[in-house]
**Student:** 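Encoded as C-alpha cells, here's the structure I'll be asking about.
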Amino acid sequence: MGWTASGLPFSNSFNLPAVLRHRAPIAAGIGCAFVAASTLRSAPFFSNRSTPFACLSMSTDASIKEAVITDKAPAALGPYSQAIKANNTLFVSGVLGLIPETGKFVSDDVEEQTEQVLKNMGEILKASGASYSSVVKTTIMLADLKDFKKVNEIYAKYFPAPAPARSTYQVAALPLDARIEIECIAAL
C-alpha cells in the first residue's frame, strides 16, 4: 500500500479505485494524480472543480519514434538518423552539402554548399511527408560567420513566409571540413 506525505495510507486519504490504492506507490507521485484525475473529481475536495487535471508530456516509447531514411540525401556519417519522426514533429539532423551519390562536397564554395544542403534537406523533408513550409525552426552552423549574408540570400529562396525561427552560429569546425551545416525541426 502507498503512503501520503502526511503518513496516511492512500486508501484513507483519497477516494481512489482499488486498482490504484494497491498499485500506486508514493514513488508514482504526481503522475498518479494525473492518471486518476477523472476518478478523483468525485472526491469531496474536487467537487467544486469542473475539469480534471491535464498532463502534457512526450512519450519515450520507441514505438512512436520512427527513423526517416532516404537515399536522395547523404547517409548519416555516424550512429544517428537522417531524421526522426516523433509526436507529430520531425527532427532533421544536421545536413551537409554532400552529393548523395558520391558522398563528396558539391564544391568548396559556401554558396554551392548552402544550395546543396537545402536540396538535401528538402529530400529528407519530402521523405517524411513534410516540406519547407512545415519547418518551424532551423539552426545554421557556419565555419565563418562572414558568410552569413551569402547564406541568407540562398536560404530565403527555400523558406516561404513566415520564415522559421532560426539560430546561426560560427563553430570551430564542421564534419569533413564543411563550410555550412543546417538542422531543422518541422511540424507534421
Side-chain angles (χ1 to χ4, degrees), residues 30-31 34 51 53-188:
I30 301 298
F34 292 129
T51 57
F53 287 111
C55 178
L56 301 175
S57 67
M58 292 182 69
S59 173
T60 57
D61 182 357
S63 66
I64 64 153
K65 184 171 102 172
E66 176 188 340
V68 176
I69 302 166
T70 179
D71 58 358
K72 294 182 179 181
L77 299 175
Y80 59 91
S81 301
Q82 288 173 316
I84 290 288
K85 283 182 179 183
N87 294 319
N88 296 320
T89 306
L90 177 69
F91 301 89
V92 178
S93 297
V95 181
L96 301 177
L98 301 172
I99 300 168
E101 298 80 18
T102 65
K104 305 270 187 223
F105 284 108
V106 66
S107 81
D108 289 334
D109 179 67
V110 72
E111 290 100 336
E112 289 183 36
Q113 282 191 27
T114 302
E115 194 78 45
Q116 188 65 45
V117 164
L118 292 165
K119 286 178 185 174
N120 292 340
M121 181 178 288
E123 292 297 337
I124 296 169
L125 291 166
K126 190 165 124 183
S128 65
S131 67
Y132 295 108
S133 63
S134 307
V135 175
V136 296
K137 172 75 168 82
T138 61
T139 303
I140 301 176
M141 290 142 287
L142 294 170
D144 187 347
L145 202 54
K146 290 176 186 163
D147 293 329
F148 186 77
K149 185 178 180 196
K150 295 175 191 173
V151 168
N152 277 339
E153 290 171 7
I154 296 161
Y155 179 95
K157 296 187 302 184
Y158 285 85
F159 294 100
R166 186 179 100 180
S167 300
T168 304
Y169 304 100
Q170 177 175 316
V171 296
L174 289 167
L176 304 176
D177 291 323
R179 301 281 309 271
I180 184 170
E181 179 175 5
I182 303 177
E183 65 181 23
C184 73
I185 301 170
L188 296 175

**Student:** List the residues meeting salt bridge (charged side-chain N to carboxylate O under 4.0 Å, His left out) with K104, not counting sequence neighbours, and say none if there are none.
**Tutor:** none
**Student:** To the nearest 0.5 Å, what is the distance between CG (L90) and CD (E66)?
**Tutor:** 10.0 Å
**Student:** Can you tell me if D109 has over 12 outside heavy atoms packed within less than 6.0 Å of its CG?
**Tutor:** yes
**Student:** What salt bridge (Lys or Arg N to Asp or Glu O under 4.0 Å) pairs are there with at least one residue in residues 120-145, not counting sequence neighbours?
**Tutor:** none
**Student:** State which residues pass side-chain hydrogen bond (donor to acceptor under 3.5 Å, both in side chains) with S133; sequence neighbours excluded, sorted by chain then number.
**Tutor:** S131
**Student:** Hey, could you give me each pair passing ring-ring contact (aromatic ring centres under 6.0 Å, His included) that has a residue in residues 127-147? Not counting sequence neighbours.
**Tutor:** Y132-Y158, Y132-F159
**Student:** Sorted by first residue and then second, give each salt bridge (Lys or Arg N to Asp or Glu O under 4.0 Å) pair with at least one member in residues 157-172; sequence neighbours left out.
**Tutor:** E115-K157
**Student:** Does the side chain of V171 come within less than 4.5 Å of L142's, by heavy atoms?
**Tutor:** no
**Student:** Under the salt bridge (Lys or Arg N to Asp or Glu O under 4.0 Å) definition, can you give me all pairs with a residue in residues 171-180, not counting sequence neighbours?
**Tutor:** D147-R179
**Student:** Can you list, pair by pair, the side-chain donor-acceptor contacts under 3.5 Å of residues 180-188, counting residues two or more places apart and other chains?
**Tutor:**
none

**Student:** Could you pull out all residues at least two apart from E112 that satisfy side-chain hydrogen bond (donor to acceptor under 3.5 Å, both in side chains)?
**Tutor:** S107
**Student:** State whether the side chain of N120 and the backbone N or O of P74 hold a donor-acceptor pair below 3.5 Å, judged by distance alone.
**Tutor:** no
**Student:** Output the distance between atom OG (S93) and atom CD (Q82), rounded to the nearest 0.5 Å.
**Tutor:** 8.0 Å
**Student:** Could you give all pairs that pass the ring-ring contact (aromatic ring centres under 6.0 Å, His included) test and reach residues 166-188, with sequence neighbours left out?
**Tutor:** none
**Student:** Name all pairs fulfilling the ring-ring contact (aromatic ring centres under 6.0 Å, His included) condition that reach into residues 92-126, sequence neighbours left out, sorted by first residue then second.
**Tutor:** none
**Student:** Kindly write out the residues that satisfy side-chain hydrogen bond (donor to acceptor under 3.5 Å, both in side chains) with T138, not counting sequence neighbours, or none if the list is empty.
**Tutor:** Y155
